[in-house]
Every structure is written in C-alpha cells, then in structure tokens.
K.L.:
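Mind having a look at this structure? Questions to follow.
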2 protein chains.
Amino acid sequence: MTASRPVALSKSIEPAGPSAASGMHRSQLTGCHWNNVKSVLRDVRLRPTRQRTALAWILFGMGDRHITAEMLYEEATKAKVPVSLATVYNTLHQFTDVGLLRQVAVDGSKTYFDTNVSPHHHFFVEGENELLDIADTDMVVGKTPVAPEGYEIARIDVVVRLRRKPR
Amino acid sequence: MTASRPVALSKSIEPAGPSAASGMHRSQLTGCHWNNVKSVLRDVRLRPTRQRTALAWILFGMGDRHITAEMLYEEATKAKVPVSLATVYNTLHQFTDVGLLRQVAVDGSKTYFDTNVSPHHHFFVEGENELLDIADTDMVVGKTPVAPEGYEIARIDVVVRLRRKPR
DNA sequence: TTACGTGCAAATAATTTGCAGTCCC
DNA sequence: GGGACTGCAAATTATTTGCACGTAA
C-alpha cells in the first residue's frame, strides 16, 4: 500500500495522536504502540522525552508519511502537544541521523521527511507540493551507471514529476 | 561526452567570457558565438540587454554546465560584467521559462541550473555539492509507473548520490 | 544531581519583490 | 519616447543557533 492517488495526505490525517504525552489510545497504529515508541527511541539512544515521544507517535503511528517540519509542527500543535518549531527541526534531524527517517529531495525549497526508509521512489505533483510513494514494483531502474573513480553509489533517488492532465 | 569524473566544474572554468559586453573573442564555444547569443535571445523574446547577453554567454559559451545563482554571479563579476544578484536570479528563471535552462533538484538548499536541457540524469556528490551529468546511455529506467488518475508524467529525474569511497 | 532537551528569539541563507532610475528598439 | 530591464535594499521563507531554563535517568 505504498502507491496511491494524489490526496492531500496532511489533510486526510486526523491528529488522533497522544493528547499531551499521556493519553495512550491507539487508533490505527502500524503495529507499534505507545510503549514501543519509547523503546524504539531508547534503542537509538534518544531520551524519550515528552515532545520527542509525541512527535515519534505522530510520525510513525500511522502508515507511511511525507512531512515537512512545518506540517509536523502544526499537527503537534493541533494535537495539543506543546513543542517549538526549533525542536521539531532538531527532532527530525535526529531521527534522520539514526535512520528512522529519510530526507527526500524534491525541487521545492522545503525539505520533506519520509517515514518509509526502505528503498522506493516518489511521485511529486508540481504546484501542489504533494509527495507520493511509488511501489518499488512499479518503478524499476534498469541500468545503473558506474560510479566515478574513488566514489561509490550511496543511493539512487527517482522523482517522477506529475502535472495535472489538461482538460 | 556527458559523464565525466568529479571535478570542481566551477573551478575548471576560466572566466574567459566577454570583457564587459563588447570583447568578442571566442575561445572554446560549443558552436555558437557572440552574435548567436543575441539572436537566440531574440528568438525567445528576451531583449538582448548587456547583462542578459553576458550571462547567456557565460552559461552557454562553453559546454554543459551546472550552476547556481551565486556561482553565476561570481563568474560574471570576475569577468567584469556588472550585474546584480537579483538580475542573475531573474535571468536564470527567465531562461528556464523559455526552455534554455533546466532546474535540477538535488537535496541541498541551493538550486542548480543545467544548461543541458536534453533528457539525462545526474550524479550528486554529497558534501561537495557537485553535480555531474550521467550519459543517458549509462542510466536506463526500466519500468515506469502509471500516473495516477487525472495526472500525467511531466518528467522523470534520477539522482545518483555518490559518496567518497572509504580509504 | 546533572547532562541532555527544549523554547525563544535572534542569526543565517537563499531567494523574491518594490520601486526609482536606465537602456534597448 | 516608452516600455522592458536593472540595481539596490528591504521583505520573505526555510532553517539553524545561542543560551537560560526544564526534566528524565
């Protein structure tokens, strides 16, 4: 369930996250619940603080997501999680450093973070700033180039730019 | 002759461009010389002003290039072409709009412009902020995904991220 | 307690914009 | 001459940083 139609992901998500840092309901988790969030954080050596835990919950609590710092900040705020934008940025980078997130480079000025860290590519809807996963079975890179002397390939990113069909 | 080894392109280029807007020497042009620059500009309905012509000369006067606004501004300045950074940005976007340039999305915060507008992909050297062309014969996208309902594929961009090989 | 986290505000960085003055056709 | 083009400075947008205070272990 990676590829889908271009819907505003951010809007389709009701911030049913944790109310503050204690409300431990579990609506539509992807297999991990509240306590797991904390243990995951401990596993990567990040202290499970109130905001970190809450942000992790929002990020990983419901399927794959593509999110910007600003979006995450708004969601956290709506979910009544007190957190500052600076902390959101810090947290996103910390999560990226430990491999929980992946930074996606599209062309906009904004940086997107993808909760799906397994190899896959993206659709990008121009104008709408909408990112969508492409199922890896739908996109196959046939021939890959040889890395220049002294370098090795770290990753291959494919962005399929979409445009709204005329008429 | 698109793919090559990671060399600092910007450094390997001696700003042998036009001294002011009159010096019409032609060192290593790619087929078009000073007068052609002007007619190309006219073709795309852009008035061949001093700075526009000079910037076009720098951009297209010597093979394929990957350049940022800042880089172009510095080159122009070094080449004694009086131009402001704002004008460089404007010009780059105007050129992109008429199809003379292509904007390349890598991950950095900076925007790169590619003078090679034909379909091809890129190597991106992390850390060095170095962009390199990949010959289209070296990179083949096997299977392309179907665009979601109501959308069509505008372009497919592939970025092969390189990392300096350890040891 | 005590180092690690967090919030806030100020600092950067890249890019855009408003507007008065300049230059091509 | 007149509208397109430029330059400069100020405004925006996205992100980072410095530092006093808060909090998990």
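By convention in this document, chain letters (A, B, ...) are assigned in the order of the sequence lines, proteins followed by strands, and residues within each chain are numbered from 1.
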K.L.:
Side-chain donor-acceptor pairs under 3.5 Å in residues 89-99 of chain A, sequence neighbours left out?
P.N.:
from: A:Asn90; atom 1: ND2; to: A:Ala86; atom 2: O; distance (Å): 3.4
from: A:Thr91; atom 1: OG1; to: A:Thr87; atom 2: O; distance (Å): 2.7
from: A:His93; atom 1: ND1; to: A:Tyr89; atom 2: O; distance (Å): 3.3
from: A:Gln94; atom 1: OE1; to: A:Arg52; atom 2: NH1; distance (Å): 2.8
from: A:Thr96; atom 1: OG1; to: A:Leu92; atom 2: O; distance (Å): 2.8

K.L.:
With sugar-phosphate meaning primed atoms plus P, OP1 and OP2, does B:Thr111 contact a base, only sugar-phosphate, or nothing at under 4.0 Å between heavy atoms?
P.N.:
sugar-phosphate
K.L.:
In chain order, what residues pass the side-chain contact (heavy atoms from CB on, under 4.5 Å) check against B:Thr115, with sequence neighbours excluded?
P.N.:
B:Leu59, B:Phe60, B:Asp64, B:Arg65, B:Leu101
K.L.:
Taking only residues two or more places apart in sequence or in another chain, which ones pass ring pair (Phe, Tyr, Trp, His ring centres under 6.0 Å) with B:His121?
P.N.:
none
K.L.:
Residues two or more places apart in sequence or in another chain: which of them pass side-chain hydrogen bond (donor to acceptor under 3.5 Å, both in side chains) with B:Glu152?
P.N.:
A:Arg163
K.L.:
Where along residues 83-100 of chain A does a heavy atom fall under 4.0 Å from DNA chain C?
P.N.:
A:Val83, A:Ser84, A:Ala86, A:Thr87
K.L.:
For a quick check under 3.5 Å, do B:His120 and B:Asp136 share a side-chain donor-acceptor pair by atom type?
P.N.:
no
K.L.:
Protein within reach of the bases, or only the backbone? For nucleotides 19-25 of chain C, mark each nucleotide 5' to 3' as B, S or -, using heavy atoms under 4.0 Å.
P.N.:
-----BS
K.L.:
Which whole-number value in Å describes the distance from A:Leu55 CG to C:dG5 P?
P.N.:
14 Å
K.L.:
B:Gln103 has an atom CD; how far is it from atom C1' of C:dA14, in whole Å?
P.N.:
13 Å
K.L.:
Using a heavy-atom cut-off of 4.0 Å to chain A, what are the terminal contacting nucleotides of DNA chain D, in 5' to 3' order?
P.N.:
D:dA14 to D:dA25
K.L.:
Name all residues meeting the salt bridge (charged side-chain N to carboxylate O under 4.0 Å, His left out) criterion together with A:Arg155; count only those two or more places apart in sequence or in a different chain, and write none if there are none.
P.N.:
A:Asp157
K.L.:
If the condition is side-chain hydrogen bond (donor to acceptor under 3.5 Å, both in side chains), which residues does B:Arg164 pass it with, not counting sequence neighbours?
P.N.:
A:Tyr151, B:Glu128
K.L.:
Enumerate the residue pairs fulfilling salt bridge (Lys or Arg N to Asp or Glu O under 4.0 Å) with a member in residues 115-124 of chain B, sequence neighbours excluded, ordered by first and then second residue.
P.N.:
none
K.L.:
Filter on salt bridge (Lys or Arg N to Asp or Glu O under 4.0 Å), then keep only pairs touching residues 104-114 of chain A, sequence neighbours left out; what's left?
P.N.:
A:Asp107-A:Arg161
K.L.:
Is a donor from one side chain sitting under 3.5 angstrom from an acceptor on the other, for A:Asp133 and A:His66?
P.N.:
yes
